[in-house]
Amino acid sequence: MKIARFSRVGFILAAAGSAVGLGNIWKFPYITGENGGGAFVLVYLVTVLMVGFSIMIAEMLIGYLGRRDGVGSFEAIAPRNKDLWKYAGFMGLAGLFIMVFYSVVIGWIFHYIVVTFTGLPSSVSEAETLFNTMLKEDISTQLFYHTVAFLLITSIVTRGIKGGIERLNLFLMPILFLIVGGMFLYALTLDGFSQAWAFMFEPDWSKLDSDSFVTAVGHAFFTLSLGMGAILTYSASLPKNSDLVKSALIVVALDTGIALVSGLMLFTFLFQYGAEPSAGPGLVFISLPAVFYEMGALGNFFALMFFIALAFAGLTSAVSLVEPMVQYLIDRFNMSRFKASLSMGLFFYLFGIVALLSNTTEFSEALTFGSKNFFDWVDFLTASIMLPLGGLIMAIFVGHVMEKERLESVLRPHFGPFFDLWYFSLRYIAPIALFVVMLNLIGVLEL
Ligand code: PFF
């Protein structure tokens, strides 16, 4: 089968585009705020370094050697039990589940881009009303922007790896880096910066319970786009003789860098203007707009830039969430790219409507199951369960099932002596860490 190839830069930007997403700019700051700051950040960073990086290389390798969609790649390179291992490729379904809430949030961002023109809320309480009215009452606004997000994302995926995904990333990612970098430089000049630094890097271990531990590890997977085959699917289109080690290093560094930089920037603004860091999912939609209002004309400009950056980050990740299953349909059933993109798009669009409704006053009761509504369940099941589970399966597959010589021949030339360290971490550290998370989950879920 023919798969269009990325250029080298195209691949790095597309993989970084997948990793750098709402997870970095929207989710990371608010979960850091909710979980008390420093200690949480430390667990997240350690997981990224010790587990995330190893699994990133493993996931790249599966796609790079398999040269097909997730299902086909597992099947092609499994040395035995091919019929069983191919099911591991179905973890790509997690991407569509993530899209169920991801597309709704991208819709909120589009709405807020418009709000920066029509007038920012002038106080936190006004901002709260604005956000909560949209979230709980205003079904038509959310539906409208969710539809725009669906149409945009689906039409990009329809254009394929080169004409759609690579072009999108080549264009949007540099702008995103410029915006976040520029705003960070400004934040550096404010007094609130030292407070933000202390909040993010001085650990207070009393704030870390098993719940936040699971969240931190789950987030490391989510933010690096690991465990569901997005990186795998992109890697199937890598040029020959690629240096996977270098690519993984750059992607992990960019993703972690953007998360830390946007966290520091946001908390600086919040502390500078006396807002609360623990506001939850509404942090960037409630506290931040009110802070931007306080900053005057510059704030208005920042607000616009910020929401544009957030939209770009969201879109470049969204296409990577849809692509694995689209590629599967094309490879397996010879479906046209248009049909495959549209059917996967419709899947997340329709369930996205259910997610959106589950936040509204009118439907929340009917769409709440146990402790969470539908929207929160999808977020929790994907980030905290499916991605770590997918990562565990990949670690076992590459670390214990594939022949070591095969891995060595691809990776040793680039890793040098560090190959053994990587192999050890993939075989033992990553599975054990993931297993502990799974055990912890039992506590979190009160099973
Ligand atoms: N990494 C993206 C983010 O941080 O928002 C989300 C994501 C994209 C998760 C692709 C998983 C994935 F396969």
Side-chain angles (χ1 to χ4, degrees), residues 13-32 44 47-48 52 55-56 58-60 62-63 69-70 88-106 108-109 149 153 156-157 165 168-169 172-173 176 180 215-236 248 251-252 254-263 281 284 309-328 344 348 378-391 393-394:
L13 284 182
S18 167
V20 176
L22 303 182
N24 302 59
I25 309 178
W26 166 66
K27 206 169 169 195
F28 177 67
Y30 95 70
I31 54 177
T32 300
Y44 153 79
T47 315
V48 165
I55 295 188
M56 167 85 63
E59 181 164 347
M60 281 186 176
I62 301 173
D69 68 285
F90 283 109
M91 56 181 90
L93 279 170
L96 292 180
F97 297 148
I98 294 176
M99 276 308 292
V100 166
F101 70 90
Y102 218 79
S103 169
V104 175
V105 179
I106 293 178
W108 298 348
I109 298 165
I153 294 160
I156 297 162
V157 177
I165 294 177
L168 177 84
N169 282 288
L172 298 192
M173 290 308 285
L176 168 77
V180 175
T215 312
V217 178
H219 185 68
F221 273 78
F222 184 82
T223 189
L224 292 173
S225 299
L226 293 178
M228 55 137 284
I231 296 293
L232 185 163
T233 305
Y234 279 4
S235 303
V251 173
V252 170
L254 282 175
D255 186 72
T256 312
I258 291 282
L260 296 180
V261 162
S262 27
V284 305
L310 200 52
F312 285 4
L315 289 173
T316 51
S317 297
V319 291
S320 80
L321 285 161
V322 187
E323 178 66 14
M325 287 319 283
V326 168
Q327 193 68 54
Y328 166 72
M344 294 300 94
F348 78 71
V378 189
D379 180 5
F380 176 75
L381 288 175
T382 49
S384 296
I385 301 183
M386 292 171 107
L387 301 190
L389 188 65
I393 294 173
M394 288 181 190

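Both counts, for ligands and for their atoms, begin at 1 and track the order of listing.
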#### Entry: Heavy atom of the protein closest to atom 2 (C) of ligand 1 (residue, atom name, distance)
S18 O, 3.3 Å
### Task
Run the numbers for me: atoms of ligand 1, each under 4.0 Å from some heavy atom of Y102, listed by number.
2 (C), 3 (C), 5 (O), 6 (C)
### Query
Is the ring centre of Y44 less than 6.0 Å from the ring centre of F28?
yes
### Query
What residue and atom, counting heavy atoms only, is the protein's closest point to atom 13 (F) of ligand 1, and at what distance?
M228 SD, 2.9 Å
### Message
Please check whether L22 reaches ligand 1 - meaning an N/O of the residue sits under 3.5 Å from an N/O of the ligand, judged on distance alone.
### Response
yes
### Message
Please determine whether side chain to side chain donor-acceptor pair (under 3.5 Å) holds for the pair D255 and T223, giving the CA-CA distance in whole Å, both sets of side-chain angles, and the decisive distance to 0.1 Å.
### Response
CA-CA 7 Å; D255 186 72; T223 189; 2.8 Å; yes
### Query
Between G23 and ligand 1, is there a nitrogen or oxygen pair with a distance under 3.5 Å?
yes
### Query
Should the ring pair Y102 and F222 be called parallel, tilted or perpendicular, given that the plane angle runs from 0 to 90° and is split at 30 and 60?
tilted
### Task
Go through F90 and Y328 one step at a time and tell me if the ring pair (Phe, Tyr, Trp, His ring centres under 6.0 Å) criterion holds.
CA-CA 9 Å; F90 283 109; Y328 166 72; 5.2 Å; yes
### Query
For ligand 1, which atoms have a heavy atom of A230 less than 4.0 angstrom away?
13 (F)
### Query
Name the one of V20, N24, V251, V48 that satisfies side-chain contact (heavy atoms from CB on, under 4.5 Å) with T256?
V48
### Query
Judged by atom type as modelled, is there a donor-acceptor pair below 3.5 Å linking the side chain of S103 to the main-chain atoms of V100?
no
### Query
So is S320 in contact with ligand 1, going by heavy-atom distances below 4.0 Å?
yes
### Query
Can any side-chain N or O of S235 pair as donor or acceptor with the backbone N or O of G63 at less than 3.5 Å?
no
### Message
Applying a heavy-atom cut-off of 4.0 Å, say which part of A19 lies close to ligand 1: side chain, backbone, both or neither.
### Response
backbone
### Message
Below 4.0 Å, non-hydrogen atoms only: which portion of F222 touches ligand 1? Side chain, backbone, both or neither.
### Response
both
### Message
To check your reading of the model: name the closest protein heavy atom to atom 8 (C) of ligand 1, its residue, and the distance in Å.
### Response
S225 OG, 3.2 Å
